[in-house]
2 protein chains.
Amino acid sequence: MLHVAEAARVSVATVSALINGTATVSPELSQRIEQAIRDIGYKRNAIARSLKMGTTRTIGLTVPHITNPFFTDVVSVIQQAFDRAGYAVMLCCTDEDLNTQDDQIRLLLDRMVDGLIVARVGDGAILKGIVDDANVPVVLLDRICEGVDTDTVVLDNQRAVFDAITYLINLGHRRIGYITGTSDISPMHDRMAGYREALHAAGLPIAEELIRFGNFHEIDGYNATMQMLSSHDRPSAIFSANNPMVIGTMKAIRDIGLSCPEDISVACFDDFPWSDVFQPQLTTVAQPVQAIGEQAANLLLDRLAGNRDAPPRKLVLKGRLMIRNSCRPLGAMAQSVSA
Amino acid sequence: MLHVAEAARVSVATVSALINGTATVSPELSQRIEQAIRDIGYKRNAIARSLKMGTTRTIGLTVPHITNPFFTDVVSVIQQAFDRAGYAVMLCCTDEDLNTQDDQIRLLLDRMVDGLIVARVGDGAILKGIVDDANVPVVLLDRICEGVDTDTVVLDNQRAVFDAITYLINLGHRRIGYITGTSDISPMHDRMAGYREALHAAGLPIAEELIRFGNFHEIDGYNATMQMLSSHDRPSAIFSANNPMVIGTMKAIRDIGLSCPEDISVACFDDFPWSDVFQPQLTTVAQPVQAIGEQAANLLLDRLAGNRDAPPRKLVLKGRLMIRNSCRPLGAMAQSVSA
DNA sequence: AACGCTAATCTAAACGTTTCGATCGTGTCA
DNA sequence: TGACACGATCGAAACGTTTAGATTAGCGTT
């Protein structure tokens with residue numbers, strides 16, 4: 001900018017005024033300055049600007065795994081929304097690891113992001129501490145966090161799983177396996193509650209051996225399914241609380257020589273684009289990813305626009321059961337139909 | 001830092017020296033300073049540091065669509081690699097749009113990223129111009145770019161498709177439909193070349209009505225497939241040059257009342273995690289996503305480490321044909337076997 | 001002609017670091 | 001004891017902006 005000012009024989013203040021439109025500058029000078037900018041190929045240094053202005057027009061986004069199709073879609077929507085608003089997005093993946101998450105949030109805060117969207121991991125205490133003393137707005141995505149009281153957008157996970165399990169029960173299933181991630185994050189906790197609630201509402205017993213914990217990955221779903229299917233009294237249906245794990249479930253069913261839905265019914269959380277075209281077409285709980293991403297972005301953009309003191313807003317969206325052909329009616333249902 | 005210096009009764013220079021380890025500072029002062037840092041909760045301002053140092057320890061990454069599983073995986077790998085190296089990653093999605101891409105690259109350059117990894121879109125001229133006068137290292141990912149001579153990591157697309165089409169020919173297929181994206185990007189161009197080469201090598205004619213252009217999306221694959229299947233002389237196999245479009249192909253096959261592989265064989269470019277478990281299990285060309293992401297990251301990290309003057313390096317990786325059950329042998333093959 | 005008002009422009013401080021060169025003790029050696 | 005080197009510390013400039021406040025010129029009023 002100094003060079004531009006010299007070339008145009010004006011002060012840097014005038015150049016700044018012209019570029020930002022913060023003051024009127026005469027036509028002659030404007031022209032000289034614009035010419036100089038073109039000649040020199042001047043580009044404003046956003047770092048210096050950020051330093052002076054105290055804002056970077058950049059936000060930080062952390063998700064556990066970008067390869068999980070749910071997060072892929074949400075990241076995509078959020079990225080687009082902020083791109084439209086002229087913000088850049090710094091993306092971090094925590095790999096479901098608590099320490100990684102904290103490091104990355106610190107990394108983002110160090111870089112003076114103007115705001116943060118976090119699909120958190122584990123205990124909220126550290127997150128809370130980190131976020132409290134950096135003074136940036138935070139919106140929590142997909143996962144609520146006990147300690148930290150801030151804008152949040154989540155799904156009504158309990159209700160969504162309740163509906164899915166109830167659907168299975170209505171099909172006649174009585175022994176329904178349930179594969180979940182570690183329950184230290186709210187969606188896993190709430191989904192499990194939905195499972196228990198549905199069984200309870202139907203007057204069915206909860207068999208603890210049918211509840212298996214994994215670590216969100218395909219291999220965990222595989223192992224859990226193997227264990228359940230090798231038992232003497234195997235379930236007639238399996239619900240997987242996340243999407244990568246259901247792939248493991250399907251592989252286990254195949255490897256053990258059974259087939260879905262003939263021998264065992266399967267449903268899972270999170271829809272994916274292939275659900276419709278391959279067999280079996282999986283019955284899933286679809287999250288409104290577009291809405292989730294947009295709402296999260298809007299909440300943060302609103303804070304960034306200056307609305308800092310409004311009380312925390314909690315958005316709870318509804319899931320939708322996508323019924324396809326991976327769950328078959330059992331005898332019990334035929335009876336209830338004929339009854 | 002000023003506050004820390006005052007609280008510790010030292011100069012800011014000493015605080016900086018301690019924090020960065022750039023000079024020895026006595027134990028007493030070290031202790032006073034560290035105490036002050038804790039008391040105040042001081043965090044170094046990375047923006048100010050970037051301004052002074054001329055480096056942001058941030059890189060920019062642009063991809064066409066993060067929801068395309070190939071890019072999802074590559075982004076994930078790259079993000080991890082730079083995270084390990086202490087860099088942040090700014091992610092942009094160009095939506096296969098030329099203007100968007102240029103805007104986003106400018107956005108990233110404005111923010112003084114130290115380097116750029118670009119899966120470019122369209123013509124390279126503008127990209128070249130933008131990149132030339134910003135003086136940052138660039139690595140091109142997945143797509144070469146005629147004008148710009150820089151580090152590149154791509155697949156041997158022609159060979160990969162040649163192999164896949166040859167596989168279909170060996171199964172006895174003679175009329176093989178080909179669905180591609182617009183050929184102004186190198187992978188689409190090269191893959192098409194592989195298709196033509198394979199037919200030519202087998203002495204088969206190239207039927208132009210069996211080559212359909214789409215815009216990378218599911219709907220384009222759907223339309224293209226519909227057109228081909230409604231013709232009086234429909235192909236016995238279809239190869240889709242990208243992954244989202246093959247979903248459209250499968251939907252079209254279903255909607256038209258045919259089934260794969262009984263009535264029509266299908267193969268496509270890019271593998272995905274579900275390929276193994278649902279029916280039909282799609283025969284695909286798998287890209288070594290892990291290697292692609294790591295190599296791209298390494299090339300850029302090497303430049304960032306100071307190796308600026310080395311000549312551009314071009315890495316060409318090999319695809320792998322994953323043969324599953326979506327392509328069936330035709331009569332012609334039985335003949336050639338019995339011959 | 002003196003005055004005040006407005007619009008255009010400029011000067012200089014500030015943002016929070018890093019770093020060069022200067023300063024100041026202290027100990028060593030001749 | 002004086003010269004000298006060395007280690008520790010500091011002062012101040014610089015990075016490239018923004019912006020408050022000062023300055024200047026032009027113009028209409030009285």
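Every chain is numbered from 1 and lettered A, B, ... according to where its sequence line falls, protein lines coming before strand lines.
Residues A:Val136 and A:Leu109 have side chains in contact (heavy-atom distance under 4.5 Å, counting atoms from C-beta outward). For the pair B:Gln287 and B:Asp142, the minimum side-chain heavy-atom distance is below 4.5 Å. A:Pro137 is listed as a side-chain neighbour of A:Arg308, based on a closest heavy-atom distance under 4.5 Å. Looking at heavy atoms from C-beta onward, A:Ile185 lies in side-chain contact with A:Phe216 at the 4.5 angstrom threshold. Using a 4.5 Å cut-off on side-chain heavy atoms (C-beta onward), B:Leu61 and B:Val75 make contact.
Under a 3.5 Å cut-off, the side chain of A:Asn215 and the backbone N or O of A:His217 do not form any donor-acceptor pair. Not one N or O on the side chain of B:Ser76 forms a donor-acceptor pair closer than 3.5 Å with the backbone of A:Thr67.
In this structure, B:Leu51 places its CG atom 11 Å from P of C:dT18, rounding to the nearest Å. Taking atom CG of residue B:Asp110 and atom P of nucleotide D:dG16, one finds them 15 Å apart after rounding to whole Å. In this structure, the CZ atom of B:Arg32 is 9 Å from the P atom of D:dT9, given to the nearest Å. The distance between atom CD of B:Gln31 and atom C1' of D:dT9, rounded to the nearest whole Å, is 18 Å. Computed from coordinates, the B:Leu18 CG to D:dA8 C1' distance equals 13 Å when rounded to whole Å. Between B:Met1 atom CE and C:dT19 atom C1' there is a gap of 12 Å when expressed in whole angstrom units. Following rounding to the nearest Å, A:Asn20 (CG) and D:dT17 (P) show an atom-to-atom distance of 10 Å. B:Leu2 has its CG atom 14 Å from the P atom of D:dA12, to the nearest Å.
Across all strands shown, B:Leu29 has heavy atoms under 4.0 Å from sugar-phosphate atoms exclusively, and none from any base.
Checking the phosphate oxygens (OP1, OP2) of D:dA8, no side-chain nitrogen or oxygen of B:Ser26 falls inside 4.0 Å. Considering only side-chain N and O atoms, B:Thr14 lies under 4.0 angstrom from the phosphate OP1 or OP2 of D:dC10. OP1 and OP2 of D:dG11 both lie 4.0 Å or more from every side-chain N or O belonging to B:Ser11. Taking 4.0 angstrom as the limit, A:Asn45 places none of its side-chain polar atoms (N or O) nearer than this to OP1 or OP2 of D:dC15.
Note on B:Lys43 versus A:Asp110: salt bridge recorded, some NZ/NE/NH1/NH2 to OD/OE distance being below 4.0 Å.
You'll find that the side chain of A:Thr22 is closest to D:dT19, out of D:dT19, D:dG16, C:dT19. Of the candidate nucleotides C:dT18, D:dG16, D:dT19, C:dT18 has the atom nearest to the side chain of B:Arg49. The nucleotide whose nearest atom lies closest to any side-chain atom of B:Lys52 is, among D:dA14, C:dC10, D:dG16, D:dA14. When distances run from any side-chain atom of B:Val12 to the nucleotides D:dA12, D:dT19, C:dT9, the shortest one goes to D:dA12.
Residue whose closest nucleotide on DNA chain D sits further toward the 5' end, between B:Glu28 and B:Met53: B:Glu28. Looking at which nucleotide of DNA chain D each of B:Ala48 and B:Val25 is closest to, the 5′-most match is held by B:Val25.
Inter-axis angle, ends of the helix from C:dA1-D:dT30 to C:dA30-D:dT1, five pairs per end, rounded to 10 degrees: 70°.
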